[in-house]
Each structure stands twice: as C-alpha cells, then as structure tokens.
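Each chain gets a letter, A, B and so on, in the order the sequences are listed, and its residues count up from 1. Side chains are part of it too, since the values below use all heavy atoms of this structure and drop only hydrogens, waters and symmetry mates. The structure displayed is predicted, hence computed values, not measured ones.
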Amino acid sequence: MKIATYNVNGVNGRLPVLLRWLKETAPDVACLQELKAPPEKFPEQAITDAGYEAIWHGQKSWNGVAILSKIGKPQELRRALPGDPDDVNSRYIEATVNGILIGCLYLPNGNPAPGPKFDYKLSWFKRLHAHAKDLLAQDIPVVLVGDYNVMPTELDVYKPESWVNDALFLPEVRDAFKNLVAQGWTDAIRTLHPGEKIYTFWDYFRQAYTRNAGLRIDHFLLSPHLEKRLKAAGVDKEVRGWEKSSDHAPVWIQLDK
DNA sequence: ATGGCTGCGTCACGCAGA
C-alpha cells in the first residue's frame, strides 16, 4: 500500500499537475494540503474521473486538507484537531482507509516569530501532541502525515544558519517535533534514509529548486504497527520541476500489504 | 539583511506562504 502527501498550494490552480502526478505515480492514498478553495470548489469530478474517492475540508483562500483513496472511500473520523473549538482553520482531517487511521495535517507556518502566529503554531503543536498520544494509546495502525512546517534537524535545511530565527526552525519548534516523535512515532523518511540530504520544499524565489536550496518539512509519522510494515519511502522530486508546480514536492511511503 | 515568486480574491494590490 502506497500513501502519499502533497501540499498542492491551490488545488484548482494545481489541478493539471495533481492529475498528472496521480496518474504517473498511482498512490493508493493521497493526502493533500493547502487546497486554498472553499468546499464547493473542490474539483470532485476530476478527482473521481482520476479513479479516487475523496473527503475534504475546504476553506476560502487559505488552508484546506483532503484525503484521496483509490482503495475504498476514506471513512471520516474527524475534521478538526481536538482542543480548540474556536480554531476555524481547516488544517486537519482524519479517516480510516484499509484499516489504517490516517491523520492529514497542515501545521501552521508560525512566522513571524515571536508573535501571535508563532503562539498559534505552538498551541496547535500542543493539541497535536495530545491527540497523537490518544491515537498511540489505541494501539492501532496510524499515520500522521502532512506539512508539519518544521525542519527537524540541521540536515533538513540547505543552509541552517540562515533559518535559526525562523518559525520553521526555532528550537521550540524543533523540540515540539522531537517530543512528538518521542511518544513512539517513526519519522519514515529519516528512518529509511539516515544521514541523507532530503528535501520536500523549494522556495519559488531565487531559483531555489535549481540550486537545491530546499527544506524537509513534509513528514510521515508512523505508529509502531506501521513501522514494522514500512518498506520504502521517498520524494517525487521531479514533480517540483514541472511547469506550474507547487513549491512542495509529493512525498510517499510504501507499506507491506 | 533584503527581496525575490506564486495563488487567491477581486479586478490593482494586499495577504499569506516558508
């Protein structure tokens, strides 16, 4: 079973690229972030025609997450992270597919730091930490996947020294990610590729992709059940080089069965 | 250090992204 994540940066503006990627790489499940579209503007027909059933949580202009599957419709469990009923941003959707609980997330960027946006990022992280703990306690196969907006270590940044004051790399944020993983999760990409420079995002500015000035900020966290089934993981890097691409590249894992 | 690029919403820029 192949599960992928892709921050599309606008699901409608990105539709040709998204459809080409789905066709060429054929993930069983695809988690999308940054739909940047209200619910009624989700391109359901095109996704259906591509062979996928989908659930989504849209929002006008910003955020927005979706789970696509071609092995049975995702059975939705929730469409918000618990812990703050006043948080109206669509940044989380959760469903089961083929016996796996999939949490598709888009963690806040947090810039500028310090400030209210950074506070929001940290509080969102706290809520994720609490929910992740509950999920682990259920002792079932879980993947928490998406755009975490965190580079976990210096290896995950092309030029660490220029990011030390950024909300994606500040010690508090790296600690939050580390503490989350320490609950018992497996960072799939890093576990299969220790010591390797792997990026999932390249800025639109200054020819970042051509220079390989990237960041690793899209992650798969696997519960112990899935860690045992993890066979391969990678980044569809070439997609970032396509015409009209997102600033993120798709990331995927291959599970046994 | 800064600005650079892109999508969205509305229709000339402002906001947000990372």
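For dG3(B), neither phosphate oxygen OP1 nor OP2 lies less than 4.0 angstrom from any side-chain nitrogen or oxygen of R206(A). Applying the 4.0 Å criterion to OP1 and OP2 of dT6(B), one finds that K244(A) has every side-chain N and O outside that range.
Distance CG (N111(A)) to C1' (dC15(B)): 14 Å, rounded to an integer number of Å. Rounding to whole angstrom units, CD of residue E40(A) and P of dC8(B) are separated by 14 Å. Per the geometry, CZ belonging to R14(A) stands 7 Å off P belonging to dC8(B), to the nearest Å. Rounded to an integer number of Å, the gap from CD of E34(A) to P of dC5(B) is 19 Å. Atom C1' of nucleotide dT2(B) and atom CH2 of W163(A) are separated by 14 Å, given to the nearest angstrom. In this structure, CG of L35(A) is placed 13 Å from C1' of dC8(B), rounded to the nearest angstrom. Between N63(A) atom CG and dG17(B) atom P there is a gap of 7 Å when expressed in whole angstrom units. Following rounding to the nearest Å, D247(A) (CG) and dC8(B) (C1') show an atom-to-atom distance of 14 Å.
The nucleotide whose nearest atom lies closest to any side-chain atom of K36(A) is, among dT10(B), dC8(B), dT6(B), dC8(B). Here dG9(B) is the nucleotide among dG9(B), dG4(B), dT6(B) with the atom lying nearest to any side-chain atom of K60(A). Considering only side-chain atoms of K117(A), the nucleotide from dA16(B), dG9(B), dT2(B) that sits closest is dA16(B).
Between the side chain of R91(A) and the backbone N or O of Y106(A) there is at least one donor-acceptor pair closer than 3.5 Å.
Within 4.0 Å of Y148(A), counting heavy atoms only, lies no atom of the nucleic acid at all. Residue contacts shown for D147(A) are limited to sugar-phosphate atoms, with no base heavy atom under 4.0 Å away. Residue contacts shown for K41(A) are absent, as no nucleic acid heavy atom lies under 4.0 Å away. Contacts of N7(A) with the nucleic acid, taken as non-hydrogen atoms under 4.0 Å apart, involve only primed sugar atoms and P, OP1 or OP2.
A gap of 23 Å separates the C1' atoms of dT2(B) and dG7(B), to the nearest Å. Nucleotides dG14(B) and dA1(B) have their C1' atoms positioned 23 Å apart, rounded to a whole Å. Comparing the C1' positions of dG4(B) and dA16(B) gives an interatomic distance of 15 Å, to the nearest angstrom. Comparing dT6(B) with dT10(B), their P atoms are spaced 23 Å from each other, to the whole Å.
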*Please assess N12(A) against K41(A) for the test side-chain hydrogen bond (donor to acceptor under 3.5 Å, both in side chains), listing each intermediate value before the final yes or no.*
CA-CA 8 Å; N12(A) 287 303; K41(A) 295 228 174 117; over 6 Å; no
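Annotation: Y158(A) is not in aromatic contact with Y199(A) [ring centroid separation under 6.0 Å not met].
Nucleotides of DNA chain B nearest to R91(A) and Y204(A) differ in position, and the one nearer the 5' end is that of Y204(A). Mapping N9(A) and L215(A) onto DNA chain B by nearest heavy atom places N9(A) at the nucleotide closer to the 5' end.
With hydrophobic clusters built from ILVMFWY side chains whose heavy atoms lie under 4.5 angstrom apart, I100(A) shares a cluster with F220(A).
Between F177(A) and H219(A), the ring-plane angle classifies as tilted under the 30° and 60° cut-offs.
Because its NZ or CZ atom is both nearer than 6.0 Å to the ring centre of F169(A) and within 45° of the ring axis, R174(A) counts as a cation-pi partner of that residue.
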